[in-house]
2 protein chains.
Amino acid sequence: MLTDEYRYKILKELQQDPDISQRELAKRLGISLGKANFCLKALIEKGSIKADNFKNSANKTGYLYLLTPKGIEEKVTLTQRFLQRKLREHEALEQEIEQLRKEVKT
Amino acid sequence: MLTDEYRYKILKELQQDPDISQRELAKRLGISLGKANFCLKALIEKGSIKADNFKNSANKTGYLYLLTPKGIEEKVTLTQRFLQRKLREHEALEQEIEQLRKEVKT
DNA sequence: TTGACCATGTTCATTTGGTGAACGATAATA
DNA sequence: TATTATCGTTCACCAAATGAACATGGTCAA
C-alpha cells in the first residue's frame, strides 16, 4: 500500500515543505486523506520522518513532518532508484510509441 | 473496469492470435483470469468481438475470439488515441527524468 | 464404449485497497 | 466565553481484483 513511489513523493514533498497538512499532502499527491494518513504513519513507524508539533509559523494545530537522517538517506536512495526506473520506462515507452506508429500506418 | 487500455490490449492480442485461452490472455496482460473473462464478455456484449467455436487447430475446447468489423474499427481508433496518450506521457517522463537528474546531483 | 484425464470458460466468496464523512482536539477570533 | 476553523484520526463503505472451485466438452487408451 505504501509503494516506493509514494514513499519517494512524500519524502520529497515534506523535505521542501515540512509544515503541511495531511489534506494538502493528499491533494498534491492525488490521493485520499485516509491514504495520506496511513502512509505518513508508516513512514513515522519506519523512522523515516518524525512528527514535531512546533507551535510556530502558520500551522499551529498540525505537525511539522521532519525527515530524520535515515529519512534523508532513504530519499537519496529512492531518488536514484526512481531515476533508473524512469529511464527504463522511457526506453520502453519509446519502443511502444514506435510500434504504435507502425500500427497506425496499417 | 474495462478501461481503454485493456480494451486496446485485448483487441490487439486477439487480432494477432484469435485462438487463445482466457488464461493465456490473462497471463499476457498481467491480469487475473476473472478480469480477463469479464473484459472479454464486455467486448462481446459491445459487439467488438464474437466468440466462435471452430473445432479446428489446437484449441478445440475453447473459442475463437474474432474481431468484428466494428471491433477492427474500434481498434484503429484506440490505437490512434493511445499513440497520442503515449506521446504526452513521453514528454512528461522526460521532464520528470530531468528533474530527477537535478535532484541526484544535490 | 467406457472411463480417466485435460484444457477450457464460468462463477462467486473473499481479499484488497482506496475513500471521505464524521469525530475529537486545539488554536484563533469575535 | 462561545464560535469558528483547521488539524489528525478513525472506520464503515464501496469498488475492483483475485483465484479456487466447478461444469463442460474433447481426447485417448483400455
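Keep in mind that the numbers below use all heavy atoms, side chains included, and drop hydrogens, waters and symmetry copies. Proteins come first, then strands; the chains are lettered A, B, ... in the order of their sequence lines, and each starts at number 1. The structure displayed is predicted, hence computed values, not measured ones.
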Expressed as a whole number of angstroms, how long is the span from [X]:[atom1] to [N]:[atom2]?
{"X": "A/Tyr63", "N": "D/dT9", "atom1": "OH", "atom2": "C1'", "answer": "10 Å"}
{"X": "B/Asn53", "N": "D/dG25", "atom1": "CG", "atom2": "C1'", "answer": "11 Å"}
{"X": "B/Leu40", "N": "C/dG9", "atom1": "CG", "atom2": "C1'", "answer": "10 Å"}
{"X": "B/Lys41", "N": "D/dA16", "atom1": "NZ", "atom2": "P", "answer": "17 Å"}
{"X": "B/Leu2", "N": "D/dA15", "atom1": "CG", "atom2": "P", "answer": "17 Å"}
{"X": "A/Phe38", "N": "D/dG8", "atom1": "CZ", "atom2": "C1'", "answer": "16 Å"}
{"X": "B/Arg23", "N": "C/dC6", "atom1": "CZ", "atom2": "P", "answer": "14 Å"}
{"X": "A/Asp52", "N": "D/dG8", "atom1": "CG", "atom2": "P", "answer": "14 Å"}

message: Side chains of A/Tyr65 and A/Gln22 only: does a donor on one sit below 3.5 Å from an acceptor on the other?
response: yes

query: The side chain of B/Tyr65 lies closest to which of these nucleotides: C/dT8, C/dG9, D/dT10?
result: C/dG9

Polar atom pairs (N or O), protein with nucleotides 15-19 of chain C, under 3.5 Å:
| from | atom 1 | to | atom 2 | distance (Å) |
| --- | --- | --- | --- | --- |
| C/dG18 | OP1 | A/Lys35 | NZ | 3.0 |
| C/dT19 | OP2 | A/Ser32 | N | 2.9 |
| C/dT19 | OP2 | A/Ser32 | OG | 2.9 |

field: ring pair (Phe, Tyr, Trp, His ring centres under 6.0 Å) partners for B/Phe38, two or more places apart
entry: none

message: With a 4.0 Å cutoff (strictly under), does any side-chain N or O of A/Gln22 reach OP1 or OP2 of D/dC7?
response: no

- request: Would you please confirm or rule out a distance under 4.0 Å between OP1 or OP2 of D/dG8 and any side-chain N or O of A/Asn37?
  value: no

- prompt: Is there a donor-acceptor pair closer than 3.5 Å between any side-chain N or O of A/Thr106 and the backbone N or O of A/Lys102?
  reply: yes

message: Under the rule for side-chain hydrogen bond (donor to acceptor under 3.5 Å, both in side chains), what residues qualify as partners of A/Arg28, not counting sequence neighbours?
response: A/Glu13, A/Asp17, A/Glu24

message: Using the side-chain hydrogen bond (donor to acceptor under 3.5 Å, both in side chains) criterion, which residues pair with A/Tyr6? Sequence neighbours excluded.
response: none

query: Among pairs that include at least one residue of residues 32-46 of chain A, which meet salt bridge (Lys or Arg N to Asp or Glu O under 4.0 Å), considering only residues two or more places apart or in two chains?
result: none

- request: Could you identify which residues cluster with B/Leu33, counting Ile, Leu, Val, Met, Phe, Trp and Tyr as linked when any side-chain heavy atoms lie under 4.5 Å apart, either directly or through a chain of such contacts?
  value: none

